[in-house]
Protein chains: 2
Amino acid sequence: MKPGHHHHTEDCRAVSEVLSRVGDKWTVLVVQYLGSGPMRFSELKRTIGGISQKMLTTTLRGLERDGFVTRTVFPTIPPRVDYQLTELGQELLTPVTALGEWARMNILRIREARERFDETVV
Amino acid sequence: MKPGHHHHTEDCRAVSEVLSRVGDKWTVLVVQYLGSGPMRFSELKRTIGGISQKMLTTTLRGLERDGFVTRTVFPTIPPRVDYQLTELGQELLTPVTALGEWARMNILRIREARERFDETVV
DNA sequence: CGGGATCCTTGAAGATACTG
DNA sequence: CAGTATCTTCAAGGATCCCG
């Protein structure tokens, strides 16, 4: 057993754990939008577009559970609920945005590779 | 329609596209291991541990399709297949590693937040 | 308005067996 | 050794209805 490999694997699992949280269908979008400031439920739903209220609820609950957002309920009628990034959420934004930048800059190369691969294989 | 919001959303979709590629169960692990140099199929399977050969094949095919790894077949008996990161794959490693660093450093805060949340809710 | 509860459809993932 | 083929399981995601 080579030294370091144990922690190498463990770290990778931690990465996977965070990535599978962040890498689902909607989390990044939600976090990015909340990066501009607090938003309420319906505002998020409308702005994102294409997300069901169930998935938005689920996503927000997950983010709340992991300490990335806070949920504030205003006991008015009709009710109003604000979501806002915590410090941890803000900090997450940094590496995620970096990956986002990379994605923006290289998405074309990826799509080209895909087309090439699909042509060759099919 | 506020200016910039269209591209904001489009960029987020690109991020999601890359993240859902990178954020699946095994991709990061595979890419990280290949970061140290080319490896053959069985070597990856053994090193990662817990991955089925079907999932390893699927993951590697996906990475190959998107231009992140190359697949080299040696026509020997028994056959030997090497996988190796492309330039694009190497470059991907940078932001992914950054996110990994962040994950390593903050995984405890996340787990703590989870425990707190689960206690409060249950 | 902001959800909860329910049902349903996919696709991801794993187990197993076989093959060039 | 490095896969392919097949079957099964399971959870993510979506649609719909209801409620305080």
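- An OP1 or OP2 oxygen of D:dA15 is reached within less than 4.0 angstrom by no side-chain nitrogen or oxygen of A:Ser52.
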Identify each donor-acceptor pair in which a side-chain atom of residues 79-86 of chain B lies under 3.5 Å from a protein atom, sequence neighbours left out, and give them as a table.
unit_1  : atom_1 : unit_2  : atom_2 : d
B:Arg80 : NE     : B:Asp82 : OD1    : 3.2
B:Arg80 : NH2    : B:Asp82 : OD2    : 3.3
B:Tyr83 : OH     : B:Arg71 : NE     : 3.2
B:Thr86 : OG1    : B:Gly67 : O      : 2.6
B:Thr86 : OG1    : B:Phe68 : O      : 3.2
B:Thr86 : OG1    : B:Leu88 : N      : 3.3
B:Thr86 : OG1    : B:Gly89 : N      : 3.1

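- In this structure, B:Ile51 places its CD1 atom 11 Å from P of C:dA15, rounding to the nearest Å.
- Rounded to an integer number of Å, the gap from CE of B:Met55 to P of C:dA12 is 8 Å.
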Do any side-chain atoms of residues 55-64 of chain B form donor-acceptor pairs under 3.5 angstrom with protein atoms, and if so which ones, sequence neighbours left out?
unit_1  : atom_1 : unit_2  : atom_2 : d
B:Thr57 : OG1    : B:Gln53 : O      : 2.8
B:Thr58 : OG1    : B:Lys54 : O      : 2.8
B:Thr59 : OG1    : B:Met55 : O      : 2.7

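- In this view, B:Arg114 and A:Glu17, A:Asp66 satisfy the salt bridge (charged side-chain N to carboxylate O under 4.0 Å, His left out) rule, not counting sequence neighbours.
- The nearest whole Å value for the distance from the NZ atom in B:Lys45 to the C1' atom in D:dC1 is 12 Å.
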Atom pairs under 3.5 Å, N or O on each side, protein against nucleotides 3-7 of chain C: can you list them with distances?
unit_1 : atom_1 : unit_2  : atom_2 : d
C:dG3  : OP1    : A:Arg61 : NH2    : 3.3
C:dG3  : OP1    : A:Arg71 : NE     : 3.2
C:dG3  : OP1    : A:Arg71 : NH2    : 2.4
C:dG3  : OP2    : A:Tyr83 : OH     : 2.5
C:dG4  : OP1    : A:Arg61 : NH2    : 3.2
C:dG4  : O6     : A:Gln53 : NE2    : 3.2

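- Rounded to an integer number of Å, the gap from B:Glu64 CD to D:dA2 P is 15 Å.
- In this entry the distance linking CG of B:Asp24 with P of D:dA12 reads 14 Å, nearest Å.
- In the helix from C:dC1-D:dG20 to C:dG20-D:dC1, the terminal helix axes, each the rotation mapping four pairs' C1' atoms onto the next four within five end pairs, subtend 50°, rounded to 10°.
- Atom CD in A:Glu43 sits about 9 Å away from atom P in C:dG2, given to the nearest Å.
- Candidate nucleotides D:dG14, C:dA13, D:dC1 were compared by shortest atom distance to the side chain of B:Arg40, and D:dC1 ranks first.
- Remark: C1' of D:dA12 and CZ of A:Arg21 are 13 Å apart, rounded to the nearest angstrom.
- Partners of A:Glu91 under the salt bridge (charged side-chain N to carboxylate O under 4.0 Å, His left out) rule, at least two apart in sequence or in another chain, are B:Arg109.
- The residue A:Lys25 sits close only to the backbone: its heavy atoms come under 4.0 Å of sugar-phosphate atoms, none of a base.
- By the salt bridge (charged side-chain N to carboxylate O under 4.0 Å, His left out) test, B:Glu112 pairs with no residue at all, sequence neighbours left out.
- When rounded to the nearest whole Å, the span between CD1 of A:Ile77 and P of D:dG20 equals 13 Å.
- Partners of B:Arg65 according to the salt bridge (charged side-chain N to carboxylate O under 4.0 Å, His left out) rule, which considers only residues two or more places apart in sequence or in another chain, are A:Asp118.
- B:Thr94 meets the side chain to side chain contact (heavy atoms under 4.5 Å, CB included) test with no other residue; sequence neighbours excluded.
- Salt bridge status for B:Arg116 with B:Glu119: absent, with no side-chain N to carboxylate O gap under 4.0 Å.
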**OP:** Tell me, with the steps shown, if A:Phe41 and A:Leu44 meet side chain to side chain contact (heavy atoms under 4.5 Å, CB included).
**Re:** CA-CA 5 Å; A:Phe41 188 87; A:Leu44 274 169; 6.0 Å; no
